[in-house]
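Report on the following structure.
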Number of protein chains: 2
Amino acid sequence: MAKGNLPKLHSDFSVDCVIFGFDDEELKVLLVERNEPPFKAWKAIPGNLVYDQEDIDAAAERVLYELTGLHNIFLEQFYSFGSIDRHPQGRVITVAYYSIIKRNDNGLHPVSGYAKKAYWWPADNIPKLAFDHNEIVDKALQTLRHKISYEPIGFELLPEKFTLTQLQHIYEAILQKRIDKRNFRRKMLSYGLLTELNQKQKGVSHRAASFFKFNKSRYRSLKKKGFIFGLR
Amino acid sequence: MAKGNLPKLHSDFSVDCVIFGFDDEELKVLLVERNEPPFKAWKAIPGNLVYDQEDIDAAAERVLYELTGLHNIFLEQFYSFGSIDRHPQGRVITVAYYSIIKRNDNGLHPVSGYAKKAYWWPADNIPKLAFDHNEIVDKALQTLRHKISYEPIGFELLPEKFTLTQLQHIYEAILQKRIDKRNFRRKMLSYGLLTELNQKQKGVSHRAASFFKFNKSRYRSLKKKGFIFGLR
């Protein structure tokens, strides 16, 4: 189509990343200390403006890397935030991404001077953040909780062989509540997604628990059919 | 926090609406014929730029109304599209919303001169659309299909009393494939979401089917617990 003499548009939008980290017990969120105005010295989730000639998915990866040193993280877009007053410098829509990873305290080093520090912070005790970042973290947590209500997750957060207690800890950390152990086991096993191994824990003071591994082909088949239809 | 002498940012972003309409048999998508450049006279989904002082959710409602005459539609944000070249006038991110409604061919009248016409178009035969709107419609359809794989939907698309065949038609229209009748019935009934009424169809040439109604309290309870956990 002809471009004609149409006026050139401007744009300002940002990307923000909510990275959840899990380490067998506790769910944390990746925060940075901002080193530039606005909100200089405030805690924030890693985020920044998108370049003119940059795809938004690529921008999310770049910004996460520049502010925290993390890369090769699978980022999923989950919501865009566009309240009128969310940015003090003008109207900025932000496209928010999230991920949940196995936490590793090493390797957090801001590459750009835009962040002073990067650190993990307990998800159940998030401080007041810059911009509308508290709202963004809340929405990411809701999205994650919604997701585990219809799709088993968390297998990439566990070692190859794991106990049901380890799996339960992921659900408890995300839901931020205790789950009944017997119900959890019964339901989890009923999906056919876990294969019990002929191995038990060794050297534990309590009764040794069995190890399980994840049945990936069953998972893929359920995912394809739709869990709600596949689970019966 | 202090605003200081920070530069004022500009912004250009739009909203686009994918409205699916169902009428007992066929799934359609609401399209408009554009009356303004760029892409003048092209078919498109209803969309336009967001005003400076306008919330994005409010913009989606306004744009849908102005271009099609539809209002009071529950719009859900599902994805933002921000490829570098998606808009010929510059970088414009669009926040996309979707909905599925009971179709009614009356009441489609563009209010603004920005659209010349509004009409329903079969979802399985979408023509080439303006901008990246084909991609947006595809993603909305994927989102809808994903949603029905984990959460029963469609009850608001049916009359208060309906037959299982009517419900099956919704799933077939969305999935764009035939579903095995016996399997569908067995699974749908197993969720406890449908209450069989003591009433059957009248005046039909085939064997009269039972009417069902939707069990809203069971639905709310499953939704709260998470379907995957609730369904067993």
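Every chain is numbered from 1, with letters handed out A, B, ... down the list of sequences. In this text, all values refer to a predicted model and were calculated from it rather than measured experimentally.
Here the CD1 atom belonging to B:Ile56 is positioned 4.5 Å from the CD1 atom belonging to A:Ile93, to the nearest 0.5 angstrom. To the nearest 0.5 Å, atoms OG (A:Ser80) and CZ (B:Phe81) are separated by 10.0 Å.
Between chain A and the options B:Val95, B:Asp55, B:Asp57, heavy-atom pairs under 4.5 Å are most frequent for B:Asp55.
Under the 3.5 Å distance criterion, the side-chain polar atoms of A:Arg91 are left unmatched by any main-chain donor or acceptor of B:Asp12.
Open room surrounds OH on A:Tyr65; 12 or fewer heavy atoms of other groups in view lie less than 6.0 Å from it.
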